[in-house]
Amino acid sequence: MTSTLATRLPTPAADLQGYLKAVHAFPMLAPGEEHELAVRYRTGNDLSAAWRLVTSHLRFVVKIARGYRGYNLPEEDLIQEGNIGLMKAVKRFDPEVGVRLSSFALSWIKAEIHEYVLRNWRIVKVATTKAQRKLFFRLRGAKRRLGWLGADEVDRIAEDLEVRASDVMEMEQRLHAHDAPFDGTPGNDEDERPAPAALLEDRRSDPGEAVAEAQWWDIAGERMKGALAALDDRSRDIVTRRWLSEPKAKLRELAEDYSVSAERIRQIERDAFARLRTALEADRLVD
């Protein structure tokens with residue numbers, strides 16, 4: 001029975017419209033029916049029961065996958081990856097826990113789609129750590145609502161995810177980047193925009209560039225020293241230990257040292273950064 005039904009269901013890559021029509025033809029399961037099928041599969045490895053659990057939720061995967069069309073990736077591939085997550089969820093679903101399969105499968109479906117997006121959205125990896133992945137998808141959602149993020153949004157997202165504001169800004173720049181062929185495309189004439197390979201210049205041996213960069217870092221370092229010196233002792237110690245020392249101190253560690261809550265340390269740190277930013281901007285205006 002399972003193999004016969006499987007041959008009637010086209011794959012998204014081969015016939016997306018036919019697939020969408022087919023998955024909506026599979027009936028939804030009532031709670032009692034879903035529980036019975038899940039028990040049959042979990043206790044007796046009944047593959048026909050597993051097939052019905054999967055097919056009844058294929059339209060659910062389509063709905064989730066369509067929420068990721070803003071990444072400009074093939075919809076059929078997003079659906080395929082989501083289906084992998086659904087099958088993993090069915091394999092691990094325990095009907096005795098008391099939740100519906102759709103609720104349990106949601107995180108599995110999204111996890112597979114997220115992995116696919118991160119592998120394919122850019123040639124250069126945009127996110128490798130768990131924190132970067134959270135930041136990637138958080139910023140994608142914020143950008144659809146806000147366009148370019150303002151300073152307040154950057155600070156809020158950085159605080160929520162416990163990352164630096166500079167990490168948020170760097171990830172936003174990655175999101176705005178576009179892949180381009182390094183050597184150009186065949187048939188380019190001289191009037192078209194040159195390929196990146198034609199624009200590269202090695203400036204490592206340019207003494208003027210080296211001196212200018214060294215001077216810039218010297219000036220920036222002096223400005224930062226002056227701005228830090230203007231902070232009170234506690235704020236300066238928190239900023240130094242959190243961001244300028246190795247290993248960096250944790251919020252909990254600083255909270256214990258100053259006998260306050262971790263949230264209070266975060267507030268002091270945020271206020272200190274605001275004062276540093278004001279001081280550095282004032283120095284720039286003077287110049």
Side-chain angles (χ1 to χ4, degrees), residues 1-31 33-34 37-38 41 46-93 99-128 132-145 147 174-181 185-187:
M1 174 181 177
T2 301
S3 59
T4 303
L5 286 173
T7 58
R8 297 177 184 174
L9 180 62
T11 64
D15 181 7
L16 179 58
Q17 294 306 315
Y19 175 84
L20 296 177
K21 182 178 180 181
V23 299
H24 282 85
F26 289 107
M28 302 292 289
L29 298 176
E33 188 178 12
E34 178 181 288
L37 291 169
Y41 176 57
D46 187 335
L47 296 183
S48 63
W51 169 254
R52 291 191 61 192
L53 289 170
V54 169
T55 53
S56 64
H57 287 80
L58 291 176
R59 68 178 72 184
F60 180 58
V61 174
V62 171
K63 180 180 179 181
I64 297 173
R66 283 180 166 172
Y68 293 84
R69 288 186 292 188
Y71 294 96
N72 296 321
L73 294 170
E75 182 178 351
E76 56 270 23
D77 290 344
L78 293 170
I79 294 172
Q80 290 277 48
E81 296 297 324
N83 287 344
I84 293 173
L86 172 61
M87 289 185 284
K88 289 182 177 180
V90 168
K91 184 176 181 180
R92 294 164 175 79
F93 181 56
V99 299
R100 294 296 301 271
L101 175 57
S102 58
S103 299
F104 177 77
L106 179 62
S107 60
W108 288 92
I109 296 169
K110 285 188 173 182
E112 293 298 323
I113 294 177
H114 285 186
E115 286 293 329
Y116 172 75
V117 170
L118 291 171
R119 287 196 311 267
N120 295 277
W121 194 61
R122 288 286 185 266
I123 292 175
V124 178
K125 294 294 185 182
V126 294
T128 54
Q132 287 177 332
R133 293 178 183 211
K134 288 174 61 179
L135 182 56
F136 174 85
F137 287 102
R138 178 68 179 272
L139 280 183
R140 280 291 297 177
K143 275 175 53 57
R144 284 196 292 271
R145 296 189 303 273
R174 295 185 186 185
L175 293 179
H176 278 276
H178 295 282
D179 293 333
T185 56

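The chain is numbered in sequence order, starting from 1. What's counted below: heavy atoms across the whole structure, side chains too, no hydrogens, waters or symmetry copies.
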Practice prompt. Please assess Glu81 against Glu115 for the test side chain to side chain contact (heavy atoms under 4.5 Å, CB included), listing each intermediate value before the final yes or no.
Written response: CA-CA 9 Å; Glu81 296 297 324; Glu115 286 293 329; over 6 Å; no

Worksheet item: Taking it one step at a time, do Phe104 and Arg92 satisfy side chain to side chain contact (heavy atoms under 4.5 Å, CB included)?
Response: CA-CA 9 Å; Phe104 177 77; Arg92 294 164 175 79; 4.1 Å; yes

Which atom of [X] lies closest to which atom of [Y], heavy atoms considered:
X: Val54; Y: Met87; result: CG2-CG, 4.2 Å
X: Phe93; Y: Val99; result: CZ-O, 3.3 Å
X: Tyr41; Y: Asp46; result: CD1-O, 3.5 Å
X: Pro27; Y: Ser56; result: O-CB, 3.5 Å

Discussion item. Can you tell me how the ring of His57 sits relative to the ring of Phe60, calling it parallel under 30°, perpendicular over 60° and tilted otherwise?
Written reply: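 Rings of His57 and Phe60: perpendicular, over 60°.
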
Item to complete: Could you check whether the rings of Tyr68 and His114 sit parallel, tilted or perpendicular, using 30° and 60° as the cut-offs?
Response: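 Tyr68 vs His114 ring planes: perpendicular.
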
As an exercise, state the distance from [atom1] of [X] to [atom2] of [Y], rounded to the nearest 0.5 Å.
X: Leu106; Y: Ile64; atom1: CG; atom2: CD1; answer: 5.0 Å
X: Leu29; Y: Arg100; atom1: CG; atom2: CZ; answer: 7.5 Å
X: Thr55; Y: Met28; atom1: OG1; atom2: CE; answer: 10.5 Å
X: Asn83; Y: Ile109; atom1: CG; atom2: CD1; answer: 8.0 Å
X: Tyr19; Y: Glu75; atom1: OH; atom2: CD; answer: 10.5 Å
X: Leu37; Y: Arg52; atom1: CG; atom2: CZ; answer: 5.0 Å

Item to complete: Determine whether Ile79 and Val23 make a side-chain contact, defined as any pair of heavy atoms from C-beta on separated by less than 4.5 Å.
Response: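 Of all side-chain heavy-atom pairs linking Val23 with Ile79, none is under 4.5 Å.
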
Item to complete: Kindly indicate whether the side chain of Lys91, heavy atoms from C-beta on, has any atom under 4.5 Å from the side chain of Trp108.
Response: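 A side-chain contact under 4.5 Å is absent here.
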
Practice prompt. Take Ile113 and Val61 through the side chain to side chain contact (heavy atoms under 4.5 Å, CB included) test and state the conclusion after the steps.
Written response: CA-CA 10 Å; Ile113 294 177; Val61 174; 5.5 Å; no

Practice prompt. Kindly indicate, with the supporting measurements, whether the criterion side chain to side chain contact (heavy atoms under 4.5 Å, CB included) is fulfilled by Leu53 and Leu86.
Written response: CA-CA 9 Å; Leu53 289 170; Leu86 172 61; over 6 Å; no

